[in-house]
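Below you'll find the structure, written out as structure tokens, and then a few comments.
Here is the naming used below: chain letters follow the sequence lines, and residue numbers restart at 1 for every chain.
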Amino acid sequence: MHYDPKTIEPKWQRRWEDEKTFRAADKSAKPKYYALEMFPYPSGSGLHVGHLKNYVPMDAFCRYQSMNGYNVLHPMGWDAFGQPAENAAIQTGRNPRDLVPVYAANYRRTLKLAGCSYDWDREINSSDPGYYRWTQWFFLLLHQRGLAYRATAPINWCPSCKTGLANEEVKEGRCWRCDSPVEKRPMPQWFFRITAYADRLLNDLDALDWSEGMKEMQRDWIGRSEGATVKFVIRNSKFEVEVFTTRPDTLFGATFMVLAPEHPLVGAITTAAQRGAVEAYVKKAQGEAEIDRLNAERTKTGVFTGASAVNPVDGREVPVWIADYVMMGYGTGAIMCVPGHDARDFEFARKFGLPIVQVVSRDGSRYELAEAEPGEGIAVNSGQYDGLTTAEFKKKITAWLEAEGIGKRTVNYRIRDWLISRQRYWGAPIPIVHCPKCGEVPVPEHDLPVLLPDVRNYQPSGTGESPLASIPEFVHTQCPDCGGPAKRETDTMGGYACSSWYFFRFIDPANDKAFAGRDKLDHWMPVDFYTGGIEHARSHLLYSRFWTKVLFDAGYVGFQEPFKILKNQGSLLAYTPGRKPFAGEDAGTEGGDEKTLDWILLKPHELGKFPQNQVVWRWARMSKSKGNVVTPEQIAEKYGIDSLRVYEMFMAPFEDDVQWSEEGIHGSHRFVCRAWRWLAAAAAQFDPEWRTHLPAEMPTEVRAVRRKLHQTIRKVGHDIKGFQFNTAIAALMELCNAVHEYNQPREDGQGPAPDRAVVSEIAECMTLLLAPFTPHMADELWSTLGKPGTTYHAQWPAHDESVAAVNEITLVVQVNGKLRDRITVPANTVNKELERIALESNKIKEAIKSSTLVKVLVVKGKLVNIVVSR
RNA sequence: GCCGGGGUGGCGGAACUGGUAGACGCAAGGGACUUAAAAUCCCUCGUUCCCAACGGGACGUGUCGGUUCGAUUCCGACCCCCGGCACCA
């Protein structure tokens with residue numbers, strides 16, 4: 001029977017679809033398992049083999065779980081709102097409303113082609129009114145709980161896209177889409193108060209089964225730091241400036257202060273003499289692009305305000321400066337400067353001739369500071385506190401500050417509130433009405449959804465307002481409270497709002513009474529296994545965790561963390577042509593460190609025209625925009641999807657980046673063909689009653705191949721559970737090789753003929769072991785064996801520990817830790833016997849003949865190490 | 001600079017809890033089959049040295065050092081690569 005993937009693959013895909021094989025039942029006696037991949041934005045370029053590096057392994061995992069008796073929920077949907085869809089729509093001149101279903105259909109087609117086991121009855125689309133109605137409901141929930149507020153804040157304004165960007169959409173001061181430098185613009189905006197949950201988001205990380213790297217990234221992002229806020233009185237004024245410091249123990253060394261240029265008190269405290277210089281500096285700081293300000297390399301600048309404050313611990317006068325190295329967005333926007341023990345303050349003091357005082361010493365003595373010493377130590381020059389360690393000093397001074405009412409213990413966070421407003425068309429409208437009498441009024445729940453109007457012009461207004469602002473029918477409405485004329489909020493919600501709860505919707509996708517029914521939530525949630533790109537390490541995962549905690553607090557769910565296990569897939573790199581920049585060509589800069597790009601991508605149409613000897617090839621992330629994609633269709637055409645699936649999982653561990661090369665796929669394809677050939681032949685003489693026909697006594701060869709089978713069953717299950725698909729496939733290849741050898745015709749007449757019951761056992765088990773990896777082939781073989789249904793609902797084979805057990809081991813004999821002999825011995829040989837056997841070996845006798853025996857170490861079942869001296 | 005991950009043959013990668021380094025595969029070379037090619041099957045395949053051969057020795061997991069009977073694995077210092085953060089007070 002010839003292996004013909006082009007026939008069997010479509011055949012089984014059709015059957016799975018017709019029979020709804022992958023439907024997850026809400027009521028089942030089986031334990032539930034919720035497996036989820038981050039839902040994608042369906043782009044016009046479709047899926048390539050790189051995307052499958054995430055979807056295929058998870059699919060294999062789900063099939064394994066199903067075969068192990070779990071009721072598996074494995075859904076797929078579309079993250080359809082947001083800037084990429086809107087930008088694509090602007091480019092093609094079509095409404096995203098029309099574009100998204102076309103793109104989604106293409107994604108769905110490719111995922112089905114790849115044999116992925118999704119329950120398509122649960123497909124969701126975040127731009128569907130039936131979906132975003134609940135996104136709006138979440139907004140109201142947050143609003144009602146005081147977690148949504150409006151504030152005027154500078155937005156990240158991209159002059160090229162003519163739109164606002166979220167903080168995480170700004171990469172090193174540049175727009176993540178078009179790379180233009182980002183400017184600041186003040187706008188009234190909506191925020192979610194994620195900072196109120198900072199501590200819980202931080203503490204609950206500990207219990208999660210996520211990679212340490214991922215958790216560290218979240219911890220860094222939350223950025224908790226303990227310290228104190230201290231009030232400094234401005235001399236000859238009614239003002240005081242509050243600072244945050246992690247080192248209140250260095251207060252005696254605070255010789256000046258610096259405020260951020262945007263600090264609200266700057267205008268009030270600046271003296272007439274300094275006003276001109278200060279205003280000029282503030283203006284310059286505002287006009288500067290964020291990218292320049294973020295550059296840590298540049299030298300410190302600043303201006304004296306003319307004002308001075310009083311150091312509360314010793315009454316000394318400290319001049320107040322402004323400088324752009326202090327950020328308004330962190331802490332209080334003002335710092336006390338301790339040049340002796342902070343590198344930035346040190347540099348600033350040196351440059352402007354400000355005094356540097358040592359207040360921390362490595363050994364308790366005083367010495368000249370050649371540079372800032374930020375470490376902990378013993379206090380000096382600190383009055384009565386001299387001699388205290390940093391930790392003791394902190395405790396005492398904080399207590400004193402609190403007693404005097406000058407300061408208090410404070411925990412500060414780096415994380416900022418979540419800016420949700422987008423001045424864009426393609427998002428869920430924010431369900432708020434602005435009434436001249438009643439103020440901000442939430443749209444009543446029964447009036448949801450606030451429908452996104454169908455408009456002709458959804459291009460950015462360019463004024464900073466959403467395109468919705470220019471649609472009178474949308475804007476003008478009645479106040480839900482007083483019935484008077486009012487205006488709708490025209491901002492829409494950023495895409496992260498949709499993706500912060502979509503995993504709940506899969507559980508109950510058609511529910512029009514709630515975002516999901518409580519009984520179903522209790523049954524399915526939380527997500528047991530979640531995979532996705534590392535790029536969502538912070539935003540998406542933090543926001544989802546935040547919303548889940550809000551739901552918990554509001555009594556809607558009974559758990560606090562949405563994703564139990566998380567793994568990040570590596571990306572697929574493609575060998576990509578590029579060139580060196582031409583002489584004098586501005587290759588652009590990357591990041592704030594002025595690193596010059598030394599490689600420019602060549603688009604496919606440029607490649608032909610470019611001199612071949614000047615083309616520089618590099619590994620770059622596979623993406624349509626780079627023109628370096630390979631599609632699953634291309635590969636399936638040549639080798640079949642099952643071979644591609646095997647290759648995607650075999651080439652590297654799930655979390656590693658992989659350099660795509662088509663050469664390696666030969667090996668995977670060869671393996672699939674070999675397995676097919678053997679299994680198809682075995683199926684022809686299959687004995688369904690093999691269990692009762694297994695002979696009681698078996699020749700060595702038969703026992704060996706059965707041992708290999710049962711070891712493989714054990715290993716493959718273990719590896720799939722650990723998401724280690726590459727080694728699972730390697731084990732299957734070994735089994736295939738062993739079976740092949742066992743089945744060789746024995747010309748020399750040695751060894752027994754293959755046993756029919758054993759061959760049947762192997763055929764049945766191996767078909768099932770292959771099912772997660774090559775489901776089409778497995779199902780075809782399964783029916784050839786005369787089995788009903790699909791492998792998806794079959795039982796994963798159990799291994800017999802006594803069959804898998806080895807009866808002989810290779811004893812390794814070392815002399816002084818060096819390998820000197822290998823001896824085959826019965827597996828149950830006791831240590832004393834092992835030692836005797838080792839010492840009797842001729843090779844060992846030879847190796848130790850002119851030495852004195854010192855001692856012998858025996859590791860049970862493994863090795864003997866003989867220590868000798870010469 | 002800080003945080004996280006990593007560095008193993010020509011290549012992708014494997015190695016349980018400190019115990020045979022290089023599983024499995026790719027590529028390469030040799031052979032069988034074939035009119036021929038493809039496919040398939042068999043053999044070799046870390047470096048180096050000794051041997052006619054059978055065999056055997058030394059070295060070898062980024063570098064240097066340490067712990068240990070024994071280190072890819074543990075500890076210390078350093079180098080390099082990837083990802084993230086970055087004047088965070």
Side-chain angles (χ1 to χ4, degrees), chain A residues 172 211-217 219-221 223-225 227 243-247 250 257-258 260 293-300 323-327 329-338 341-345 347-348 374 412-415 534-535 537-538 568 570-571 591-593 646-647 650-653 655-668 670-671 673-674 677 718 724 726-737 740 744 810-822 843 846 854-868:
Chain A
E172 287 158 337
S211 73
E212 205 39 50
M214 177 67 64
K215 291 200 223 176
E216 246 347 271
M217 265 196 231
R219 287 190 191 107
D220 285 351
W221 195 253
R224 181 180 201 274
S225 62
V243 303
F244 172 74
T245 176
T246 54
R247 294 294 299 272
T250 61
M257 291 178 75
V258 173
R293 235 183 116 166
L294 285 175
N295 186 353
E297 300 294 300
R298 61 193 197 133
T299 50
K300 299 276 177 290
D324 63 8
Y325 79 92
V326 175
M327 307 293 154
Y330 184 80
T332 61
I335 59 170
M336 64 176 212
C337 296
V338 186
H341 307 283
D342 181 284
R344 296 152 300 178
D345 298 345
E347 188 193 335
F348 196 83
N412 198 45
Y413 297 93
R414 205 185 82 103
I415 192 173
I534 188 91
E535 63 273 18
R538 287 177 305 278
N568 301 109
S571 44
D593 56 358
V646 168
Y647 184 47
F650 178 65
M651 63 205 306
E655 294 178 274
D656 285 11
D657 282 353
V658 185
Q659 302 176 341
W660 173 264
S661 113
E662 214 179 299
E663 270 181 351
I665 199 173
H666 292 299
S668 300
R670 228 171 268 164
F671 161 66
C673 292
R674 259 161 78 97
R677 271 201 307 276
H718 172 267
Q724 292 167 299
N726 56 333
T727 48
I729 291 169
L732 282 166
M733 286 174 169
E734 282 188 53
L735 175 64
C736 198
N737 292 343
H740 181 80
Q744 283 295 305
T810 305
L811 179 68
V812 172
V813 187
Q814 300 177 329
V815 175
N816 286 346
K818 294 210 171 195
L819 178 74
R820 284 294 177 264
D821 199 8
R822 284 175 240 234
K843 285 182 188 169
E846 175 67 22
V854 176
K855 65 172 164 175
V856 180
L857 288 109
V858 183
V859 180
K860 191 173 175 351
K862 271 207 179 111
L863 68 76
V864 173
N865 188 12
I866 300 158
V867 186
V868 296

Interatomic distance at [atom1], [N] relative to [M], whole Å:
N: B:G30; M: B:C16; atom1: P; value: 37 Å
N: B:G6; M: B:G60; atom1: P; value: 24 Å
N: B:G19; M: B:A27; atom1: P; value: 33 Å
N: B:A77; M: B:G84; atom1: P; value: 26 Å
N: B:C59; M: B:U72; atom1: C1'; value: 16 Å
N: B:U61; M: B:G9; atom1: C1'; value: 10 Å
N: B:C11; M: B:G46; atom1: P; value: 13 Å
N: B:A23; M: B:A15; atom1: P; value: 12 Å

Item to check | Nearest-0.5 Å distance that lies between atom CE in A:M651 and atom CD in A:Q659 | outcome: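 Going from the CE atom of A:M651 to the CD atom of A:Q659 covers 9.5 Å.
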
Among [options], which nucleotide has an atom closest to any side-chain atom of [X]?
X: A:P653; options: B:A14, B:A89, B:C3; value: B:A14
X: A:N865; options: B:G19, B:C3, B:C88; value: B:G19
X: A:R820; options: B:G57, B:C69, B:C87; value: B:G57
X: A:M217; options: B:C69, B:C41, B:G84; value: B:G84
X: A:E216; options: B:A27, B:C3, B:C85; value: B:C3
X: A:I335; options: B:A89, B:C69, B:C88; value: B:A89

Is [X] touching bases, backbone alone, or none of the nucleic acid, heavy atoms closer than 4.0 Å?
X: A:K860; value: nothing
X: A:R670; value: sugar-phosphate
X: A:D345; value: nothing
X: A:K818; value: sugar-phosphate

Checklist entry - Taking only side-chain nitrogens and oxygens of A:R538, does any of them come within less than 4.0 Å of OP1 or OP2 of B:C85? => result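 For B:C85, OP1/OP2 do have a side-chain N/O of A:R538 under 4.0 Å.
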
Are [X] and [Y] close enough that some pair of their side-chain heavy atoms sits under 4.5 Å apart?
X: A:Y647; Y: A:W660; result: yes
X: A:D345; Y: A:M336; result: no
X: A:V338; Y: A:R247; result: no
X: A:I534; Y: A:E655; result: no
X: A:V867; Y: A:N816; result: yes
X: A:E347; Y: A:Y325; result: no

In whole angstrom, what separates [X]'s [atom1] from [N]'s [atom2]?
X: A:M327; N: B:C87; atom1: CE; atom2: C1'; value: 6 Å
X: A:L735; N: B:G25; atom1: CG; atom2: P; value: 12 Å
X: A:E655; N: B:G6; atom1: CD; atom2: C1'; value: 13 Å
X: A:I534; N: B:G4; atom1: CD1; atom2: C1'; value: 9 Å
X: A:F671; N: B:G13; atom1: CZ; atom2: P; value: 20 Å
X: A:L863; N: B:A15; atom1: CG; atom2: P; value: 20 Å
X: A:D656; N: B:A14; atom1: CG; atom2: C1'; value: 12 Å
X: A:H740; N: B:G25; atom1: NE2; atom2: P; value: 12 Å

Item to check | Identified side-chain contact (heavy atoms from CB on, under 4.5 Å) counterpart of A:V864 within the set A:V859, A:L811, A:D821, A:V812 | outcome: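 Filter result, single survivor: A:L811.
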
[X] versus [Y], closest heavy-atom pair with distance:
X: A:S225; Y: A:F244; answer: O-CZ, 3.7 Å
X: A:R344; Y: A:D342; answer: NH2-OD2, 2.5 Å
X: A:V868; Y: A:V815; answer: CG2-CG1, 3.9 Å

Checklist entry - If each of A:R414 and A:L857 is mapped to the nucleotide of RNA chain B with the nearest heavy atom, which maps nearer the 5' terminus, i.e. the 5' end? => result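 Looking at the nearest nucleotide for each, A:L857 comes out on the 5' side.
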
Checklist entry - In terms of the nearest nucleotide of RNA chain B, which residue is placed more toward the 5' end: A:T332 or A:G667? => result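 On the 5' side of the pair lies A:G667.
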
So which nucleotide does [N] pair with, by the Watson-Crick or G-U wobble rule with both distances under 3.5 Å?
N: B:C69; answer: B:G19
N: B:A77; answer: B:U63
N: B:G1; answer: B:C85
N: B:C41; answer: B:G31

Pull out every protein N or O sitting under 3.5 Å from an N or O of nucleotides 8-10 of chain B, one pair per line with the distance.
none

Next on the checklist: I'd like to know if A:E216 and A:R219 make a salt bridge, using a cut-off of under 4.0 Å between side-chain N and carboxylate O.
Outcome noted: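 The answer is yes: the pair qualifies as a salt bridge.
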
Next on the checklist: Going by the glycosidic torsion and a 90 degree boundary from 0, is the base of B:G9 oriented syn or anti?
Outcome noted: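 Chi for B:G9 falls in the syn range.
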
Filtered N/O pairs between nucleotides 21-23 of chain B and protein, under 3.5 Å:
| from | atom 1 | to | atom 2 | distance (Å) |
| --- | --- | --- | --- | --- |
| B:A23 | O2' | A:E734 | OE2 | 3.0 |

